[in-house]
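Could you have a look at this structure, given as structure tokens, before my questions?
These numbers come from the heavy atoms of this one structure, side chains and all, not from hydrogens, waters or symmetry mates. Worth saying up front: this structure is predicted, and the values here are computed from it rather than measured. The first residue of the sequence shown is numbered 1, and numbering continues consecutively from there.
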Amino acid sequence: DLGYQYADYLMNEYKSDMNCAKRIETWRTRRTNPYDRDKIVNIYPQCANCTPRQRKQIVEYAKKYNVIVSFDFNYRKKLWTIEEARPYYKQVIPYVNVLFANHFDIGEILQVKLEETPYDLTSLKVALSRKLINSSNIEYVFGTERIVHTATDNSLSSYCICKDGSYKHEGPIRFNIYDRIGGGDA
């Protein structure tokens with residue numbers, strides 16, 4: 001994915017701050033539409049060859065040069081604890097425009113709290129996302145919902161909560177799994 005490829009390339013090829021800034025400046029001027037893929041940098045916490053300081057540099061330079069920052073929580077408890085992950089996630093969120101997260105990520109990792117807890121899951125994810133959007137630069141929160149009927153029979157739906165307050169939902173699409181290795185949400 002672009003997050004791995006570009007962040008790795010950026011930090012390996014352009015070690016100094018000046019060269020990093022020049023590379024983002026060159027990269028951001030390729031397209032006129034701000035949401036063209038070439039003008040978006042995706043950052044992942046597990047970026048290979050990137051230190052936390054370098055990841056922060058990437059998002060700082062991206063913001064400085066008006067590059068859209070996309071961030072995928074992709075939290076994995078086998079890789080680190082919530083307590084270990086939380087400072088990094090909170091450090092990156094102020095720079096994010098497009099967020100891929102679920103209600104657990106927003107409520108538990110970012111510690112966004114609601115005055116009243118909604119009774120259903122849809123209302124909860126919408127309320128948490130809207131509260132985060134209203135207190136940040138985030139314009140969109142995307143997520144998926146998986147229903148596991150059996151080990152090889154699943155359903156998947158997607159949703160988007162937008163800065164304008166709208167909520168969009170697609171699916172669910174039911175599918176069979178023939179090989180579980182490396183499938184993720186694909």
Would you say the side chains of H169 and S158 form a donor-acceptor pair under 3.5 Å? no
Going only through I, L, V, M, F, W and Y residues with side-chain contacts under 4.5 Å, is there a path from F175 to I147? no
Closest non-hydrogen atoms of S166 and R130, given as atom of the first, atom of the second and distance, are C-NH2, 4.1 Å
Residues forming a side-chain hydrogen bond (donor to acceptor under 3.5 Å, both in side chains) with K163, sequence neighbours excluded: none
Polar side-chain atom of N137 near backbone of P94 as donor-acceptor pair, under 3.5 Å: yes
Would you say L114 and L124 make side-chain contact, with heavy atoms under 4.5 Å? yes
Name every donor-acceptor pair, under 3.5 Å, that has one atom in a side chain of residues 103-113 and the other anywhere in the protein, sequence neighbours excluded.
residue : atom : partner : partner atom : Å
D105    : OD2  : N102    : N            : 3.0
Q111    : OE1  : K90     : NZ           : 2.9

Between P172 and S157, what is the shortest heavy-atom contact and its length? CA-CB, 3.7 Å
Of all residues at least two apart in sequence or in a different chain, which pass the side-chain hydrogen bond (donor to acceptor under 3.5 Å, both in side chains) check with N134? none
Do we see a donor-acceptor contact under 3.5 Å between the side chains of K131 and S129? no
For F142, what residues pass the ring-ring contact (aromatic ring centres under 6.0 Å, His included) criterion, not counting sequence neighbours? F100
Name all residues meeting the salt bridge (Lys or Arg N to Asp or Glu O under 4.0 Å) criterion together with R86; count only those two or more places apart in sequence or in a different chain, and write none if there are none. none
For the pair F71 and Y95, evaluate side chain to side chain contact (heavy atoms under 4.5 Å, CB included) and give the outcome as yes or no after the intermediate values. CA-CA 9 Å; F71 183 72; Y95 301 95; over 6 Å; no
Test log, rule side chain to side chain contact (heavy atoms under 4.5 Å, CB included), inputs L99 and L132: CA-CA 10 Å; L99 180 65; L132 180 60; 3.6 Å; yes
Take the angle between the ring planes of Y89 and F73 and call it parallel below 30°, perpendicular above 60°, tilted in between. parallel
Just do the side chain to side chain contact (heavy atoms under 4.5 Å, CB included) check on C162 and K168 with the steps written out, would you? CA-CA 8 Å; C162 307; K168 297 170 178 41; 4.2 Å; yes
For the student: nearest non-hydrogen atoms of A101 and Y159, plus distance: O-OH, 3.4 Å
State the OH-OG distance between Y167 and S123, to the nearest 0.5 angstrom. 9.0 Å
Side chain to side chain contact (heavy atoms under 4.5 Å, CB included) between S155 and H149, worked out: CA-CA 8 Å; S155 294; H149 307 287; 2.7 Å; yes
Check: V141 and V98 side chains under 4.5 Å, non-hydrogen atoms: no
List the residues meeting side-chain hydrogen bond (donor to acceptor under 3.5 Å, both in side chains) with K63, not counting sequence neighbours, and say none if there are none. N97
Min side-chain heavy-atom separation I177-D153 under 4.5 Å: no
Nearest heavy-atom contact between I161 and I133 is O-CD1, 3.6 Å
